[in-house]
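Remember, it's 1-based here, ligands and their atoms both numbered in the order they're listed. By convention here, the first residue in the shown sequence is residue 1. In what follows, every heavy atom counts, from backbone to side chain, and hydrogens, waters and symmetry copies are set aside.
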Amino acid sequence: MNTELAKGVNWVGHLDWSVRDFHGYRTERGSSYNAYLVEGAHAALIDTVKAPYAATLIGQVRARLRERPLRYLVCNHAEPDHAGAMAAVLAAFPGVTVVCNAKCREALGLYGDTTGWTFQVVKEGDKLDLGGRTLQVFDTPMVHWPESMVTYLIEEQILFSMDAFGQHYASGWRFDDEAPLDEVMHEAKTYYANIVLPFARPVTAALAKLGTLPLKQVAPSHGVIWRSHVADIVRAYQDWVVSKAAKKVVILFCTMWDSTRLMAEAVAEGALSEAVTVKLIDVNATADTDIVAEVMDCAALAAGSATLNMGIMPRLAATLTYLRGLKPVGKAGFAFGSCGWATKGAEEAAAYLGAMQVEILHEPITCRFRPDAATLARCREAGRLLAKRALTAGGETKR
Ligand code: FEO
């Protein structure tokens with residue numbers, strides 16, 4: 001596996017082929033925890049890996065340095081998928097100075113015992129002279145935690161971008177031009193939707209700041225390194241931060257005895273009468289991780305629920321709760337659903353949409369037991385309404 005970004009600059013991370021749940025994020029292609037070793041006259045390790053994989057990291061660093069000492073450990077982000085192996089690294093390489101900002105130092109101390117660690121606290125724009133190579137740090141608060149920063153290797157024009165531009169994607173390829181680009185972009189979008197989406201404003205600020213740097217490579221903390229498609233991923237982020245909507249309708253539903261499914265299919269049928277992309281999603285059969293990636297860039301959204309115990313179906317409630325936290329913006333839509341004797345499922349779905357700041361196009365469409373022809377006609381008409389709204393998409397919604 002080619003790990004060399006430049007002479008003396010290497011990936012030394014861990015490929016996590018098996019992980020399928022990353023704090024709720026369904027990682028179908030696994031992930032990687034990327035750490036990078038930069039060698040000048042002094043050597044610096046940029047970030048570490050999850051604690052259980054410390055030995056893999058330490059072995060790679062030892063193999064590269066042989067008898068030379070490790071001088072610095074730069075910590076861009078205190079989250080344990082990157083900082084979890086710091087204690088083991090410091091134990092393995094005595095005399096290392098931890099380089100991080102003040103917030104990160106505090107966070108590391110709250111996660112574990114940092115007594116005895118030697119810190120060099122840095123601030124925006126500070127430089128670290130490695131002898132022939134220079135690292136420069138930039139704060140990127142809330143991308144994706146308050147203490148997050150990125151590190152720039154000036155001579156090689158490589159940005160170690162932390163979570164930004166990452167993908168949960170385990171592969172034997174370390175670079176974007178080695179891997180299938182459609183897979184990488186799909187995982188980058190899914191990653192953005194599930195991790196970065198609520199932080200559009202801080203990401204916008206970071207893009208503006210980092211956009212002034214000449215960039216030959218962007219090396220994130222997960223997935224492949226961008227070197228041939230830097231402009232593509234930066235452009236994609238520029239679209240995602242402004243929530244540029246596609247001409248797309250998403251219909252989510254959770255059914256009990258297939259009546260709400262029939263209504264959802266009628267909504268989809270109506271939407272398909274226009275030249276828009278339509279995604280009909282049974283939330284019982286689809287991971288929330290994938291649902292969010294579909295919803296992120298849709299213009300119109302419908303949510304359908306049967307009524308269970310005088311309320312919304314729990315599985316749809318979970319999906320909408322997850323969506324509400326991630327704050328996708330700029331959608332219009334409505335709720336629908338069948339019930340036995342109380343229309344609570346559809347009403348609660350409508351309340352969720354309202355809490356997500358979806359523009360509500362009309363009252364919930366409901367029926368008792370099976371939808372009759374008139375109800376299905378209403379659903380088809382509502383689907384056409386969604387599609388007409390989606391046809392006007394293409395604008396930007398700033399947070
Ligand atoms: Fe990959 Fe915010 O940690």
Using the side chain to side chain donor-acceptor pair (under 3.5 Å) criterion, which residues pair with K216? Sequence neighbours excluded.
none
Please work out the angle at atom 2 (Fe) of ligand 1 defined by atom OD2 of D163 on one side and atom NE2 of H77 on the other, rounded to 10°.
90°
What atom name does the N, O or S atom of D81 nearest to atom 1 (Fe) of ligand 1 carry?
OD2
Are the side chain of T48 and the backbone N or O of H82 linked by a donor-acceptor pair below 3.5 Å?
yes
Restricting to N, O or S atoms of E79, which is nearest to atom 2 (Fe) of ligand 1?
OE1
Rounded to 10 degrees, what angle sits at atom 1 (Fe) of ligand 1 between H222 NE2 and H82 NE2?
90°
How close do N10 and E4 get, heavy atom to heavy atom, and via which atoms?
OD1-CA, 3.3 Å
Rounded to the nearest 0.5 Å, how far apart are NE2 of H222 and OH of Y33?
7.5 Å
Looking only at N, O or S atoms in H144, which is nearest to atom 2 (Fe) of ligand 1?
ND1
Assess whether atom CH2 of W17 is packed by more than 12 heavy atoms of other residues, nucleotides or ligands within 6.0 Å.
yes
